[in-house]
Each structure stands twice: as C-alpha cells, then as structure tokens.
Amino acid sequence: MDIVTAQEMYERDQAAAEAGLAGTMLMENAGRAAAYDLVKHIQKSDRIIVWIGAGSNGGDGFVIARTLLNLGYTAEAVQVVPDEKIKGDAAVHKQIFQASGHTVKKWTDVEDAEGYLLRADVSIDAMLGIGVQGDLREPYKQIVQHCNEASLLRLAVDLPTGVPADEGVEEFTAYKADYTSVIEAPKLSAFLQHTQPWYGQWSVVEIGIPSQVSPAVRRSMWTVEDVKRTLPSRDDHSHKGSHGKGLVIGGSLLMPGSAAMTSRAALRSGAGLIAIATEEGAVPSISPYVQEATFVERETMELSAYDGVAAGMGIGRGADARALVHHVVTHTKGPLLIDADGLYVLKDFLGKLEKREEPTILTPHPGEFAHLTGRSIKDVLLSPFSLAEAFARRYGVYLVLKGPSTIITAPDGEQRVDVTGNSGLAKGGSGDALAGILLTMLMQSESMLDGLSSGCVLHGHTADRVVQQGRSKVDLLATDVIEGLPGTFRTLSSSIT
Ligand SMILES: NC(=O)C1=CN([C@@H]2O[C@H](COP(=O)(O)OP(=O)(O)OC[C@H]3O[C@@H](n4cnc5c(N)ncnc54)[C@H](O)[C@@H]3O)[C@@H](O)[C@H]2O)[C@@H](O)CC1
Ligand SMILES: [K+]
C-alpha cells in the first residue's frame, strides 16, 4: 500500500479526474466508504455529530451524514464555517444533503456548546484534511478543544483536523481521534512519532481511483502478506552452502551477548553457516548459546569468503573498534551490514561507503542516525522520510531506520515502512536479533530491498506473536523473539515447514 504526501494525494485525485472520475464522484465514493468504515465503531442508539469544515474534507462530511441518516443512525451535520465558504464539490454534496430532506446545522447557532457535546455519543471530524496549513484558526480551534475535552468517541475522516499530512511540522493543535478512516492512502504523518498518536487506530478506505492511473509513488508499507509473497523458498535439494555463509563481527569480553544473539537469529532465520569473529575471551560465553557457529580470528578473518557480513554489535567505541570497522569497510567485497557500535565509529569515514560496489546496509535507531547525520534526534523524528532518503542516496547505502515505524530506504530513494512490533522491543538486544535476521535475508533474497523489508517484518511480527502467546510487552526479551522465529516461519508458508 502506497504512503503519500499531501501533494502526491492531490496528484492522484487529479489523475482520477483526468480519467473521468469527477471530484463529486470521488467525494461520494470517499464519503460512503468512510461512513461504512466508521459505523463499525458506532451503535445504532448513538447520537452522532458530523463536523463539517470549509474544504473537500467537509464535502466528505456531507456524504457521511447523508449515508448515516439513510442507514437509520441519529446524526446531525454541523457546518462550522459560513455558507459562502462551502464551494465546488462540497457545495454540490451540501445541496444533495438538503434535497434529501435533511437540515444543515450551523456552529454559530449552537448554544451552550458544552451541553451540546454532552448530549452526543460520537463525534465525526470532517473539518479539515490534507489541506490544513499552519496552526488551526477559529472556529476550528475551539471546536477541537471542546471535542478533545468531551467524553465521547472521537472519529475522524482522512486526518484528524489540524494534523499536518507531511513531515517536518512540529507545532500544531489537533483533534485527538480514537479512530481515523484514512481516505485512499495513508499520509506520512500516520507514521511519525509526534503525529501518529493523534490518529488513534486507523485504516484505509479505497475510493475507486484506478491504480493504473495513479502516479507512481516510491514509498509503501511492507506487511506480513508481502513477506509471504516474497520469502525465498527452501529447495529440498539444497545444502548448507545454498542458504548463505555469513560472518558476524561483534561481541567483546564485556558484551558477548550481542554477537551471540545476532548469530543465533541469523541461524534461526535460515542461514546455512555462521562464523563469528570476536575477542578471544568472549568465545566461552558465546559458544554455548550458538553451538552451530564456528569462530574465526579477527586478525586473520577472510572478509571476502562470505555471502554476507554483519559487523559492529558489542565491539565498543574505542580506537580498536574504529580500526576494526575501517578495515571491514575497506576490505569486505560482498554485502556488508553495520549496526550499533559499528555505526558510532563509522561516522569518521562515512565517505568510504560511497566507494563500495556491493550493497552496504546501515541499521541505526534515531539516536544513531542523529549521530551519523550530525542532526538532533528531534530533527530525525520530525522528518525521518526525507532525511533517510537524502542519506541513502548520498552514501549509496540501504538504510534501515528503526522505530515503531521502521523506514527501509534503498540507495535510489525507494522506501518501505514496517509497522509491526511493539514496545516490548524497546530493549537492549532487539537490534542484535534484527541484525541477525537481516544478515540472513540479505544473503538469500533476490531483491535487497524486499529482503531487508521482510527481515524487519519477521522481527516485529514475531515480537507481536510472542506477546499474544503469553509474554508481555514488559518481560519480552530479544532471545524470546529469536526463539519465536520458528513459529513465525511455520505460519508464513507451507513450503517452509
Ligand atoms: N478530489 C479530491 O480532492 C478529494 C478530496 N477528498 C477530501 O478532501 C480533503 C482535501 O480537501 P481540501 O484540499 O479542500 O482541503 P481540506 O478539506 O483539508 O481543507 C481546506 C480548507 O481548510 C482551510 N484551512 C487550511 N488551513 C487552515 C487552518 N490552519 N485553520 C483553518 N482553516 C484552514 C482552507 O482555507 C480551506 O478552506 C482530503 O483530506 C479528503 O478528505 C476526498 O473527498 C476524496 C476526493
Ligand atoms: K478530518
């Protein structure tokens, strides 16, 4: 499913119009689709207010109110702006609403706003959508404040009023939705840490724009269904060499667990062979946890003898670590993933990445990405899509920017978003497990972007499954996720079991 900016959404509407789907038709489709989606959250006995703003989001509101009344719900349409502001397609639908025998109520006629809201059970916000610019003006602001304080179910259409569609906007006042029915495609703000909570739960309603006419968007969600569709199958005649021979360069005397978890996660994800290059003193702690792995010495390791290398977890941030990662970056010929401490020390010679011919994969969380880019974490969280794209293009790398919505960016700027996983993953070790899964995926997948996206979903989806099956978000450990991988592979494809 595509993820769009406001501009891309307008281009899509425009393309539909050129194909003959007039704005009024799309509005009818959007309003009806949203109404049928929203009623899943509404009881027949509920008293509903539909708030209608000045633009096309308000136009959707007239269609929604008419549809709800047709279905026998108790709904009032409240127009929050003067009549002359209702124009174009929205005016057409206002007229249809009135010609159907319904009355449009005006916000200016509402006396005792608090009492009015107290009598309602459900509020449907069709005030503003992707057209919002700057902070809310009146009367939107006071209506939003009243609604946010009232104890009613808050539903929204396309976006909660006031939430910007795009990234980069820090300050705004917005309607706090419990649920949002998103029109046609999710907007960037549905995935950002500071805007996503305003949506509540959300899902997307399809409004009839033919995909053939939609301008291509190089940004989409990657889901369990996509993993099922693309996961490499395991040939009956395969041998251990067919599934990838990987090298994990990580761990140290004080941090042996990281390399252990990365290696075990790689093997649990189907890698054929895993070798570990670690500090000698760490071997006794690592080997019992991952008996299938072999060990090589860092001084003599053959960096080009592997189908994939993952480096950096638990190596520390000192001069030795820096020299190690420099050596790895300049001598590894095949695909190379760098994580954790490796990213920290990489900062000093980022330019070396541009010279690599085989894929480089960096897997930072926002703090590590802030360090790599010299930006603040706040900037990264405000504009992760554009910063990730610029970085991936500049250094020619695949960037896996981890978070509740993980953004995977290819060197050509194409982006995927994985929203699986839960707060139980916000713990030490999660990144090590993910790096191991990604190491295997990058050795086995025909498309690097598909493989990395699937690796992220495998990790998050497994965490979700393990939590559903008895662990909680409080006690979930990275090792639980690794041991949950077999269950995930079993459920994903019959050809894998
Ligand atoms: N053909 C289309 O374009 C379709 C549009 N659709 C709906 O239309 C919406 C986009 O419509 P519009 O482009 O008219 O935009 P909006 O309906 O989001 O809002 C535009 C209006 O908001 C006012 N406004 C902007 N910022 C404001 C602020 N800070 N305070 C107060 N008022 C402000 C503008 O003056 C304008 O009157 C989508 O979100 C979607 O809900 C759907 O009906 C599907 C089809
Ligand atoms: K809205």
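FYI, side chains are in, hydrogens and waters are out, and symmetry mates aren't considered; it's all heavy atoms of this structure. Both ligands and their constituent atoms are indexed starting at 1 by order of listing. The first residue of the sequence shown is numbered 1, and numbering continues consecutively from there.
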Name all residues meeting the side chain to side chain donor-acceptor pair (under 3.5 Å) criterion together with Lys44; count only those two or more places apart in sequence or in a different chain, and write none if there are none.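 With neighbours one apart ignored, the set is empty.
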
Give a yes or no on whether [X] keeps an N, O or S atom under 3.4 Å from the K ion (ligand 2).
| X | result |
| --- | --- |
| Leu128 | yes |
| Val157 | yes |
| Leu159 | yes |

His93 (side chain) donor-acceptor with Gly59 (main chain) under 3.5 angstrom: no

Evaluation steps, side chain to side chain donor-acceptor pair (under 3.5 Å), between Ser472 and Asp475: CA-CA 5 Å; Ser472 77; Asp475 61 65; 2.8 Å; yes

Nearest 0.5 Å, what's the OH-NE2 distance between Tyr175 and His146?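 One finds 14.0 Å between OH of Tyr175 and NE2 of His146.
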
What pairs with Trp222 under ring pair (Phe, Tyr, Trp, His ring centres under 6.0 Å), at least two apart in sequence or on another chain?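 Trp222: no ring pair (Phe, Tyr, Trp, His ring centres under 6.0 Å) contacts found.
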
With sequence neighbours left out, the residues meeting ring pair (Phe, Tyr, Trp, His ring centres under 6.0 Å) with His194 are none

Looking at Ala435 and Met313, what are the two nearest heavy atoms and their distance? CB-CE, 3.8 Å

What angle sits at the K ion (ligand 2) between OD1 of Asn57 and OD2 of Asp125, to 10°? 140°

So if I only count non-hydrogen atoms and take anything under 4.0 Å from ligand 1, which residues does that give, chain by chain? Tyr10, Asp13, Leu26, Met27, Ala30, Ala54, Gly55, Ser56, Asn57, Asp60, Leu128, Gly129, Ile130, Gly131, Val132, Gln133, Gly134, Asp135, Leu136, Arg137, Tyr140, Asp158, Ile207

Only one of Val132, Val78, Thr161 clears side chain to side chain contact (heavy atoms under 4.5 Å, CB included) with Met127; which?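 Of the listed residues Val132, Val78, Thr161, the side chain to side chain contact (heavy atoms under 4.5 Å, CB included) partner of Met127 is Thr161.
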
